[in-house]
Amino acid sequence: MGKFLKKWGIIIFIAFAAFVIFTIKTYGVVEQITSNMLENPNSEKNKQDIARIVLNDTGRNAAFSPDEVLEITVYQGDLLGNGQQQAVIALSFGLKNTILAAYTKNKQGENYTYVDDVGDFFDVRDVFFLPLNSDGTNIMIVREYANQNIGAYERSSFLKGYIWNDKNQMFQNVLSVPEGIEVTWNGSWDTSGEERWQKIEERSEFLTEENNLNNPTLKLVQYQAYKISESTDKDNIPDESTFHTAKNRVVNQSYYWDDNWKRFILSEKKDKATGEKVAVIEDYSASPYVLVEEYSNMANNVAIQRPNGTIEIVPSNTLWELDGTPAQSTFFAYE
């Protein structure tokens with residue numbers, strides 16, 4: 001009986017394999033992404049096949065259709081530290097919907113296996129990789145552009161960093177830094193009540209260096225300005241020539257990778273209440289919004305990460321330096 005069942009099991013397997021091959025040849029259904037597909041991802045057939053597979057793997061096939069994909073971009077880098085090239089695939093559905101998913105190339109052949117969903121983004125302008133020498137992997141940096149004309153007319157771009165968390169089998173966010181900001185609004189929309197057009201601008205230059213452990217440091221120089229328009233037309237955004245600069249400054253910040261915190265941080269401080277060490281991951285006093293009087297109080301806050309991984313926004317005066325002296329700023333600026 002055992003031999004009989006084994007024989008029929010083999011026959012059923014062969015029949016199933018033949019059916020799959022027949023289906024692919026007949027209907028063009030592809031179940032795995034291949035190297036050839038990624039070499040030309042925007043050909044009509046490849047775009048459909050890649051989009052269908054990614055949407056299915058990420059569980060988004062109910063929200064999007066492969067027909068809706070405008071463009072597919074592929075970025076390559078070793079994110080898992082296994083010596084293999086991973087493919088980060090971006091499916092663009094327009095300026096406000098981009099999906100990023102990661103796939104790893106199989107050692108046995110030219111096929112790619114799904115790794116994880118990186119997340120939803122606005123418009124992804126670039127993806128690049130920074131070597132993390134302490135564990136042999138790479139940090140993935142996503143440059144995201146957001147055009148949000150909701151309330152204030154805002155256009156902004158961000159640098160967002162991700163590493164592969166092998167323990168949890170998922171990508172972990174380790175950096176979120178505004179790279180550029182342009183916000184235009186009328187004072188009648190906020191608490192100031194003044195019917196005048198205002199604008200905040202920030203543009204950044206950044207470079208990467210290695211710290212004393214040969215891990216990356218991200219240095220940012222941020223040029224910030226607060227502008228006011230002479231226009232009295234509150235219904236239409238005035239021409240750029242009507243704006244004059246009321247305040248401006250240049251901010252210098254350095255985010256460095258810390259193996260203990262497993263992320264980019266600005267500094268380490270001590271919580272006055274608990275005595276525990278915390279990592280400062282964002283200093284709101286470096287924001288261009290503090291140039292505007294109505295929002296200047298945000299300068300009193302910082303975002304921290306605690307040893308248990310939770311992230312909180314706290315007043316900066318609730319922290320000490322590690323030696324017990326009053327907490328200092330995490331950046332320097334000049335006008």
Side-chain angles (χ1 to χ4, degrees), residues 30-82 84-106 110-132 137-148 155-165 169-180 204 206 208 216 218 264:
V30 180
E31 297 306 324
Q32 278 194 301
I33 294 173
T34 67
S35 296
N36 288 337
M37 292 164 63
L38 296 185
E39 287 177 2
N40 187 16
N42 288 294
S43 70
E44 184 176 350
K45 185 176 187 311
N46 287 345
K47 182 188 287 188
Q48 287 283 313
D49 288 336
I50 294 171
R52 178 176 51 78
I53 294 170
V54 172
L55 291 174
N56 183 65
D57 287 340
T58 59
R60 291 184 174 84
N61 44 3
F64 297 99
S65 165
D67 297 330
E68 298 177 287
V69 175
L70 300 180
E71 184 178 16
I72 295 178
T73 309
V74 181
Y75 306 92
Q76 298 277 352
D78 182 2
L79 296 170
L80 307 182
N82 60 3
Q84 296 290 109
Q85 285 289 301
Q86 281 77 56
V88 179
I89 301 176
L91 302 186
S92 173
F93 295 89
L95 290 177
K96 294 189 177 182
N97 286 298
T98 300
I99 296 169
L100 279 186
Y103 288 76
T104 189
K105 190 174 184 180
N106 299 339
E110 295 299 306
N111 293 338
Y112 281 79
T113 301
Y114 176 62
V115 176
D116 192 29
D117 180 356
V118 182
D120 295 289
F121 300 84
F122 285 89
D123 182 20
V124 173
R125 295 291 174 89
D126 191 19
V127 175
F128 59 95
F129 305 92
L130 300 177
L132 187 56
T137 62
N138 281 285
I139 303 168
M140 174 171 53
I141 305 294
V142 179
R143 179 181 278 119
E144 178 187 32
Y145 174 78
N147 188 348
Q148 305 176 75
R155 293 181 293 177
S156 52
S157 59
F158 300 87
L159 296 175
K160 295 183 176 180
Y162 300 86
I163 61 167
W164 176 249
N165 186 320
Q169 291 291 290
M170 63 183 293
F171 284 103
Q172 175 183 333
N173 178 252
V174 295
L175 177 74
S176 185
V177 179
E179 183 188 22
S204 300
F206 74 93
T208 59
L218 185 62
F264 282 98

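Numbers here simply count residues along the sequence, with the first being 1.
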Would you indicate whether the side-chain heavy atoms of [Y] and [X] approach each other to under 4.5 Å?
{"X": "L100", "Y": "I89", "answer": "no"}
{"X": "I139", "Y": "V174", "answer": "yes"}
{"X": "Y162", "Y": "V142", "answer": "yes"}
{"X": "V69", "Y": "S92", "answer": "no"}
{"X": "I99", "Y": "V118", "answer": "no"}
{"X": "Y75", "Y": "D126", "answer": "yes"}
{"X": "Q85", "Y": "K105", "answer": "no"}

I'd like to know if the side chain of [X] reaches the main chain of [Y], judged simply by a donor and an acceptor atom lying under 3.5 Å from each other, with no hydrogens or angles considered.
{"X": "N165", "Y": "M170", "result": "no"}
{"X": "D116", "Y": "F171", "result": "yes"}
{"X": "S157", "Y": "Y145", "result": "no"}
{"X": "D78", "Y": "N138", "result": "no"}
{"X": "Q86", "Y": "L80", "result": "yes"}
{"X": "N46", "Y": "N40", "result": "yes"}
{"X": "K47", "Y": "L70", "result": "yes"}

Can you tell whether the side chains of E144 and R125 come within less than 4.0 Å, N to carboxylate O? no
Counting heavy atoms not belonging to E44, are there more than 12 under 6.0 Å from its CD? no
Kindly give the heavy-atom pair with the smallest separation between [X] and [Y], and that separation in Å.
{"X": "F206", "Y": "E179", "value": "CE2-OE2, 3.5 Å"}
{"X": "A51", "Y": "I72", "value": "N-CD1, 4.2 Å"}
{"X": "N173", "Y": "G161", "value": "ND2-O, 3.2 Å"}
{"X": "L132", "Y": "P216", "value": "CD1-CD, 4.2 Å"}

To the nearest 0.5 Å, tell me how far [X] [atom1] sits from [Y] [atom2].
{"X": "S204", "Y": "L159", "atom1": "OG", "atom2": "CG", "answer": "7.5 Å"}
{"X": "Y112", "Y": "Q32", "atom1": "OH", "atom2": "CD", "answer": "12.0 Å"}
{"X": "L175", "Y": "M140", "atom1": "CG", "atom2": "CE", "answer": "12.0 Å"}
{"X": "S43", "Y": "I50", "atom1": "OG", "atom2": "CD1", "answer": "7.5 Å"}
{"X": "T208", "Y": "L130", "atom1": "OG1", "atom2": "CG", "answer": "5.5 Å"}
{"X": "N147", "Y": "D123", "atom1": "CG", "atom2": "CG", "answer": "9.0 Å"}

Pairs where residues 55-66 contributes a residue and the test side-chain hydrogen bond (donor to acceptor under 3.5 Å, both in side chains) is met, not counting sequence neighbours: N56-N61, D57-Y103, T58-R60, R60-D117, R60-D120
Would you please name every residue forming a ring pair (Phe, Tyr, Trp, His ring centres under 6.0 Å) with F264, sequence neighbours left out? W257
Could you work out, with ring pair (Phe, Tyr, Trp, His ring centres under 6.0 Å) as the rule, every residue matching F93, not counting sequence neighbours? F64
Side chain to side chain contact (heavy atoms under 4.5 Å, CB included) between K160 and F121, worked out: CA-CA 10 Å; K160 295 183 176 180; F121 300 84; 4.2 Å; yes
Show, in sequence, the C-alpha distance, side-chain angles and deciding distance for V74 and V88, and conclude whether the side chain to side chain contact (heavy atoms under 4.5 Å, CB included) test is met. CA-CA 6 Å; V74 181; V88 179; over 6 Å; no
What verdict does the side chain to side chain contact (heavy atoms under 4.5 Å, CB included) test give for F158 and V177, after you've listed the backbone C-alpha separation in whole Å, the side-chain angles of each residue and the deciding distance to 0.1 Å? CA-CA 6 Å; F158 300 87; V177 179; over 6 Å; no
Please walk me through it: do D49 and M37 pass side chain to side chain contact (heavy atoms under 4.5 Å, CB included)? CA-CA 9 Å; D49 288 336; M37 292 164 63; 3.7 Å; yes
Could you pull out all residues at least two apart from [X] that satisfy side chain to side chain donor-acceptor pair (under 3.5 Å)?
{"X": "T113", "result": "N106"}
{"X": "N36", "result": "none"}
{"X": "T73", "result": "none"}

Is a side-chain donor-acceptor pair under 3.5 Å present for E110 with T34? no
Option among I141, L79, T137 that satisfies the side-chain contact (heavy atoms from CB on, under 4.5 Å) test with F129: L79
